[in-house]
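Every chain is numbered from 1 and lettered A, B, ... according to where its sequence line falls, protein lines coming before strand lines.
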Amino acid sequence: MEVKEITEKGRAGVLRRIAGPVVTAVNVDAHMYDVVKVGSEELMGEVIKIEGEDIIIQVYEDTSGIRPGEPVINTGLSLAVELGPGLLTGIYDGIQRPLSVLVDKMGDFIQRGVSAPGLDHQKKWDFRPLVKEGDRVSPGSIIGEVQETNIVHKILVPPNVQGGLVKSIRAGSFTVGETVCTLDSGTTLSMMHKWPVRVPRPVREKMNPTIPLITGQRILDGLFPIAKGGTAAIPGPFGSGKTVTQQQLAKWSDAEIVVYIGCGERGNEMTEVLTEFPGLEDPKTGKPLMERTVLIANTSNMPVAAREASVYTGITIAEYFRDMGYDVSLMADSTSRWAEAMREISSRLEEMPGEEGYPAYLAARLSEFYERAGLVETLSGKNGSVSVIGAVSPPGGDFSEPVTQNTLRIVKVFWALDAKLSQRRHFPAINWLNSYSLYLDTLNDWYDREVSPEWNTLRSWAMEILQKEAELQEIVQLVGSDALPEAEQVTIEVARMIREIFLQQNAYDAVDTFCDMSKQYEMVKAIKAFADQAYAVQSAGVTPQQIIGTRSKNDLPQIKFIKDYKPELERILKAMESEFNELRSSA
Amino acid sequence: MKEYRTITKIAGPLLFVEKTEPVGYGELVNIALFDGSVKRGQVLDTSDDLVVIQVFETTAGIGKDSGIRFLGETIKMPVGKEMLGRILSGGGKPIDGGPEIVPEKRIDITGAAINPYARASPEEFIQTGISTIDGTNTLVRGQKLPIFSGAGLPHNNIALQIARQSKVLGSKEEFAVVFAAMGITKEEANHFMQDFERTGALERAVVFLNLADDPAVERIITPRLALTTAEYLAFDLGMHVLVILTDMTNYCEALRQIGAAREEVPGRRGYPGYMYTDLAGIYERAGIIKGKKGSITQFPILTMPGDDITHPIPDLTGYITEGQIVVSRELHRKGIYPPINVLPSLSRLMNLGIGKEHTREDHKKVSDQLYAAYAEGNDLRGLVAIVGKEALSERDRMFLEFADLFESRFVRQGYSEDRSIFETLDLGWDLLSTLPVEQLVRIDRDLINRYHPQFRQAAKAQE
């Protein structure tokens, strides 16, 4: 038998059992997480358990029709991604197969048994050396660069390659596989290298983040900021706006590189990203946003094992760009689907389940993943960061479930989505009472310096009003708003303004979709100006009804939708002042 | 083909067979009974010494003497143009007394995932003629929008009304309907069939019926047969297909039944841990493909056990589908048809299908404002119950009245009342005009000046 011959050569094993995406083989000389080719169609799989003679493999493709007795070949390599020019604007499945190439190779539907390299090996890139012959390079050093899109792609000595003296290096137009540099040790370097996805890329040092990742979303930047190199979780029931928030972050956050992982989510949503992103411009550079983006789309009906891998594929690509000295932000939508993929594989392995059927190592896997975020000094001495923002989809919107809880123990920022708010069409539906950011203290200095020395006070004031409103609402629920003391009726009105003017933001409005920090500051300042004057005239005897009835403040929400808002804001503030003056004199 | 008589164990719908030649995972199996009848099954687990088979029908009559034949291929659905107008069983066999279907093609029923890169963005507005859908939870072609209902609510009528009235503005193309019933009663099935016949919809429909007394396990393949047919009609024949799947709750129960029989580690409430992936394999088979003419739009219907939207079935569904239409018992009790509660309802693809190019420029803002005002009025109802109407401020009283008006005029409509989107939007404006203009904070001045009845009339008067 043909199969047996290969086995005797010590290369191929034999399949023994197939049950969905998990298969068992024997006679394979394999190590954990080795990539294997399963069956005569050579489906891609990964060794996830070794038990006596049995090698247990998760397969990244559909296993229908595969029979016991078919061969299994070990490649001897770990699951790795190809890193080099050509990643940007790429759209990949969970194991870095470019989806556009798959369409060419197998049509509109995902078929199996087709492999496709992550990078285009034919395309030539212009390589400019940044070191010369005789220079000493070490692992992680930058030896040259390529203008990839509007982003300059730095070419690194792979972190797992010994350094040395540069023997020769050449400029010119090359494919990613061609040698561009030779070291005195005889090592040849090309523009591309491979890196195993489950191994974090090494750095010189991890540092504490001090700069916020500006997202243009008022409730995030203003009240609950995430730092560059920080971690955040967005849990929320379905329909509360997780995906819209994630997409807003992917569009507008001021990272230099964005990696977006659609992990077990909807196909049409990924299509939306694919159609929309190329048309969007970076508000800072005016260049298409797609040029700084890498998308990974492993939708819910694509193979579950590839979904498990997609998160690692994404973070490895993010780390690679970090190693060039870039600020990278990574969105994973949704980590719950990733956890479910782990659960599904685990239950097929008949492992002893932990809480709600999830494997006992769920918490460990989640923390390993989030720990790959951070602001670092790279091996080449530059500063780079990976910020990780994970969406969580708790069943029934219940935050006490294992994935949410285990995530909250690790991440520093919590943006709690609230179905009640989204039903009221209060978007982004982030609950301001439950959310928190543990970066506030470390970021204060930056806000002082870059926005205004008043900003931190203004933010605390706004939070206080919102907190107060929540307490007052409880009373209102019992006795009605007219029974409140007059000053507190004013507070309710001010809180309403903070909610409706500042917190609510329209992602679909061309102007309001992105709001820079100075506009955010002006908006809160304007509301504070109203509040100060309102409290003043109220203590002078003006009734809350009269204050609530002032007309000028009704124009304030409109400035959200005006690009050059300052003249209008000034006009409103003036009108407000004269209105209050009138009230005061009539009182 | 070899026949095995080596069944060692039968548990629920599962057969355990020993000493076979290598058998492929997912292969189709014929089980021959002593009386000559043949049942069908599928391989769930295969190894050198043991093969586990899931039987799609009742296991009654199967014994150690039954003969097992492995057919060497996965389950395939014979499809052809002639299927339109036919009624098939939940297993795909004709039950309308007509001839066997002459297949033009046989397609694997599992269905491959559409490559996200090959998908086209859904953006064609479908007018259902129901205000609460068109106005506030707009449906677009290629979307999957489930109806979340409860036992005893009129979800079937809503589904029928949608199937009957749906059209794309300015287009003469007709929908083909693929209707898959899973575990519904004969009475319900009759209701659907009569309506299809009365309106002539049956001619352009393919019906799959797995009734309440049909084998539960057959329900596992019914939606897959239906969607395979839909994919053929849409992507091979270029038709716009509307797929109605009812009732997904019965499907999930069948899934749980098999999981239990296999002694799997259960997830929440005893449902299998892979239910999300399994459901995604059904719901994700909606969409449009670049460069192809047809489309698949899905309307799955499910009854929420105990009206609980956090139950695993609606919960996992909601995470996969592009929104949900929630049917409310409270509105139904008030005698309002269709009792759609817009507050928990949502259409995620709405923004792609509305606005100037699709419906009207004011659509988004009107919808947001209606939502916000109704939500506020609805909240106040709770307050009124405690403090009485008198304790409300004047502003609050207006919103309270708005909520009542919204339900009695916007939500309520007739079973055969087909409102155009423009009628729906104008109705929305009429209701909003009962509130003072400055309360309409969600709408910019421009639109107010153009569409608000007060200004509309003023403008007309000037002319």
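- In this structure, the portions of B/Arg445 lying under 4.5 Å from any heavy atom of chain A include both its backbone and its side chain.
- Only the side chain of B/Leu349 comes within less than 4.5 Å of a heavy atom in chain A; its backbone stays farther off.
- A side-chain hydrogen bond (donor to acceptor under 3.5 Å, both in side chains) with A/Arg17 is found for exactly one of B/Asp45, B/Asp48, B/Asp49, namely B/Asp45.
- Heavy atoms closer than 4.5 Å to chain B are found nowhere in A/Gln545, neither backbone nor side chain.
- With a 4.5 angstrom heavy-atom cutoff, B/Leu50 does not touch chain A via any of its atoms.
- Surrounding CD of A/Glu568 are more than 12 heavy atoms belonging to other residues, nucleotides or ligands, all under 6.0 Å away.
- In this structure, no portion of B/Leu28 lies under 4.5 Å from any heavy atom of chain A.
- Residue contact with chain A, scored on non-hydrogen atoms closer than 4.5 Å, involves the backbone of B/Ala120 exclusively.
- No donor-acceptor contact under 3.5 angstrom links the side chains of B/Asp444 and A/Gln558, judged on distance only.
- For chain A, no part of B/Asp278 is nearby; none of its heavy atoms comes within less than 4.5 Å.
- A/Arg425 and B/Ser367 share no donor-acceptor pair across their side chains, judged by distance under 3.5 Å alone.
- Of the two parts of B/Thr74, only the side chain, counted from C-beta on, holds a non-hydrogen atom closer than 4.5 Å to a non-hydrogen atom of chain A.
- For A/Pro21, no part lies under 4.5 angstrom from a heavy atom of chain B.
- Proximity to chain A (any heavy atom under 4.5 Å) is shown, for B/Pro272, by neither the backbone nor the side chain.
- Here the OG-OH distance, from A/Ser393 to B/Tyr276, works out to 7.0 Å after rounding to the nearest 0.5 Å.
- The contact between A/Pro353 and chain B is made entirely by side chain atoms (from C-beta outward), counting heavy-atom distances below 4.5 Å.
- For B/Ile320, the parts sitting under 4.5 Å from any heavy atom of chain A are the backbone and the side chain alike.
- Between B/Arg268 and A/Glu401, no side-chain nitrogen of the basic residue sits less than 4.0 Å from a carboxylate oxygen of the acidic one, so the salt-bridge criterion is not met.
- Looking at A/Ile66, the atoms closer than 4.5 Å to chain B (heavy atoms on both sides) all sit in the backbone: N, CA, C or O.
- Of the atoms belonging to A/Arg112, not a single heavy atom falls under 4.5 Å from chain B.
- Both the backbone and the side chain of A/Leu102 come within contact range of chain B, judged by heavy atoms closer than 4.5 Å.
- Heavy-atom distances place the side chain of A/Val304, and not its backbone, under 4.5 Å from chain B.
- Judged purely by atom type and a 3.5 angstrom limit, B/Asn115 uses its side chain to pair as donor or acceptor with the backbone of A/Leu99.
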Take A/Glu340 and B/Tyr274 through the test side-chain contact (heavy atoms from CB on, under 4.5 Å) and record every step on the way to the result.
-> CA-CA 8 Å; A/Glu340 276 165 14; B/Tyr274 50 79; over 6 Å; no
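- If you tally non-hydrogen atom pairs under 4.5 Å between each of A/Met106, A/Met270, A/Arg307 and chain B, the highest count goes to A/Arg307.
- Put simply, of B/Ser121, B/Gly26, B/Gly318, B/Gly273, the one with the most heavy-atom pairs under 4.5 Å next to chain A is B/Gly318.
- Both the backbone and the side chain of A/Arg424 come within less than 4.5 Å of a heavy atom in chain B.
- Pairing each heavy atom of B/Glu438 with each of A/Arg551, the nearest pair is OE1-NH2, 3.9 Å.
- Contact between B/Thr277 and A/Glu344 at its shortest, heavy atoms only, is OG1-OE1, 2.8 Å.
- For the pair A/Val103 and B/Ala118, the tightest heavy-atom approach, listed with the atom from each and the gap, is CG2-CB, 4.0 Å.
- Looking only at heavy-atom pairs under 4.5 Å with chain A, the residue among B/Val441, B/Leu352, B/Val52 that has the most is B/Leu352.
- Contacts between A/Thr299 and chain B at a heavy-atom distance below 4.5 Å involve the side chain alone, from C-beta outward.
- More than 12 non-hydrogen atoms from other residues, nucleotides or ligands lie less than 6.0 angstrom from NZ of B/Lys292.
- Using a 4.5 Å cut-off between heavy atoms, A/Glu500 touches chain B through its side chain atoms alone.
- If you measure heavy-atom distances from A/Asp509 to chain B, the contacts under 4.5 Å come from the side chain alone.
- Residue contact with chain B, scored on non-hydrogen atoms closer than 4.5 Å, is absent for A/Lys420.
- Note that A/Arg337 lies in the cation-pi zone of B/Tyr319, set by a 6.0 Å cut-off to the ring centre and a 45° limit from the axis.
- Using a 4.5 Å cut-off between heavy atoms, A/Thr275 touches chain B through its side chain atoms alone.
- Residue A/Asn298 does not touch chain B at all, counting heavy-atom pairs closer than 4.5 Å.
- Side-chain atoms of A/Pro68 and B/Thr46, non-hydrogen and from C-beta on, do get closer than 4.5 Å to each other.
- Neither the backbone nor the side chain of B/Glu123 comes within less than 4.5 Å of any heavy atom of chain A.
- In this structure, a donor-acceptor pair under 3.5 Å is absent between the side chains of B/Glu264 and A/Ser347.
- In terms of heavy-atom pairs under 4.5 angstrom with chain A, the leader among B/Pro122, B/Gly281, B/Gly287, B/Ser393 is B/Pro122.
- Proximity to chain A (any heavy atom under 4.5 Å) is restricted, for B/Phe235, to the side chain, taken from C-beta onward.
- Side chain of A/Arg67 to backbone of B/Pro22: a donor-acceptor contact under 3.5 angstrom is found.
- Salt-bridge annotation for A/Asp108 and B/Lys290: absent, with no side-chain N of the basic residue lying under 4.0 Å from a carboxylate O of the acidic one.
- Looking at B/Ile114, the atoms closer than 4.5 Å to chain A (heavy atoms on both sides) sit in the backbone and in the side chain alike.
- Judged by the 6.0 Å and 45° rule, A/Lys105 forms no cation-pi pair with B/Tyr117.
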